[in-house]
Every structure is written in structure tokens, then in C-alpha cells.
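All values below come from the heavy atoms of this structure, side chains included, with hydrogens, waters and symmetry mates left out.
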Amino acid sequence: MSGVGWFMAIILGGIAGWIAEKVMKADHGLLTNIILGIVGALLGNWLARLIFGTTAGGWIGQLVIAVIGACILIWGYRAIRSRG
């Protein structure tokens with residue numbers, strides 16, 4: 001999450017993971033939500049830079065990017081799990 005410190009990254013990651021959990025109708029714990037949110041933010045920022053050449057700024061922009069990335073991660077996990 002560009003522009004935020006470690007503590008805020010954990011808080012935003014937890015919120016983003018929780019929102020993604022609700023959007024995707026999943027059931028995860030707090031630690032999984034934090035990890036999903038932080039990794040989702042990394043994935044979302046990478047995709048935004050790849051597609052748009054830039055990423056969203058500020059806490060709200062990073063939260064939106066993290067939620068989108070976390071939803072992609074949940075979707076990917078489900079796709080892989082359903083195949084096996």
C-alpha cells in the first residue's frame with residue numbers, strides 16, 4: 001500500500017479483507033482478512049500500474065484497490081480449489 005505506514009497497512013488490510021469477505025460471501029478469520037487485504041493491495045496496485053500506468057492515491061483509493069485485489073485472490077482460490 002503506497003503512502004501508508006505499516007500500522008495503517010495492517011488496519012486497511014483488515015478492513016479491505018473484511019469487505020472482500022462480505023462481497024465474495026466467504027468466511028475467514030481476522031488474520032486471513034488482514035493477509036488478504038495486504039496481498040490484495042499489492043496485487044491491485046500491480047494491476048493498476050500495469051493497466052492504467054498509475055495507482056490510486058490516499059487511504060480511500062488504497063482501500064478500494066485492496067478490496068478489488070482481495071476479491072481477485074478469493075476468486076482465484078475458489079477457481080483453483082474447485083478444479084482439484
Side-chain angles (χ1 to χ4, degrees):
M1 294 186 182
S2 61
V4 298
W6 286 101
F7 184 71
M8 197 54 165
I10 291 170
I11 291 173
L12 282 177
I15 294 170
W18 179 78
I19 293 170
E21 174 185 59
K22 298 304 176 193
V23 168
M24 299 297 289
K25 294 179 177 45
D27 187 27
H28 305 288
L30 177 63
L31 183 60
T32 305
N33 284 342
I34 292 171
I35 293 169
L36 271 174
I38 292 173
V39 175
L42 293 172
L43 175 65
N45 279 310
W46 179 76
L47 286 173
R49 287 186 185 160
L50 184 69
I51 296 169
F52 304 114
T54 188
T55 186
W59 294 358
I60 300 297
Q62 286 300 305
L63 181 63
V64 170
I65 291 284
V67 169
I68 292 169
C71 286
I72 292 170
L73 288 173
I74 292 171
W75 174 81
Y77 174 74
R78 286 180 179 169
I80 291 170
R81 190 179 67 181
S82 68
R83 286 185 172 196

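- Taking CG of L42 as the reference point, atom CG of L73 lies at 9.5 Å (rounded to 0.5 Å).
- At a threshold of 4.5 Å between non-hydrogen side-chain atoms, the residues H28 and I74 count as touching.
- Between the CD1 atom in I34 and the CG atom in L30 there is a gap of 4.0 Å [rounded to 0.5 Å].
- Counted within 6.0 Å of CD1 on I60, heavy atoms from surrounding residues, nucleotides or ligands total 12 or fewer; the atom is thus considered open.
- At distances below 3.5 Å, at least one donor-acceptor pair connects side-chain atoms of S82 with backbone N or O atoms of R78.
- Taking CD1 from I72 and CG from L47, the interatomic distance works out to 5.5 Å, rounded to the nearest 0.5 Å.
- Closest approach of G37 and A66 over heavy atoms only: O-CB, 3.6 Å.
- In this structure the side chain of Q62 reaches within 4.5 angstrom of the side chain of N45, judged on heavy atoms.
- For the atom pair CG (L43) and SG (C71), the distance works out to 11.0 Å, reported to the nearest 0.5 Å.
- A 4.5 Å side-chain heavy-atom check between I11 and M8 finds at least one atom pair inside the cut-off.
- V23 and W18 fall within the same hydrophobic cluster, where Ile, Leu, Val, Met, Phe, Trp and Tyr residues are linked whenever their side-chain heavy atoms come under 4.5 Å apart, directly or through other members.
- Grouping the Ile, Leu, Val, Met, Phe, Trp and Tyr side chains by contacts below 4.5 angstrom, directly or via other members, places V64 apart from F52.
- A continuous path of Ile, Leu, Val, Met, Phe, Trp and Tyr side chains, each step under 4.5 Å between heavy atoms, connects W75 with L36, placing both in one hydrophobic cluster.
- Here CD1 of I38 is found 11.0 Å from CG of N33. Values are rounded to the nearest 0.5 Å.
- Closest of all the heavy-atom pairs between I65 and A56 is CG1-CB, 3.9 Å.
- Note on V67 and I51: separate hydrophobic clusters, where clusters join Ile, Leu, Val, Met, Phe, Trp and Tyr whose side-chain heavy atoms are under 4.5 Å apart, directly or indirectly.
- Between T54 and R49 there is no side-chain heavy-atom pair separated by less than 4.5 Å.
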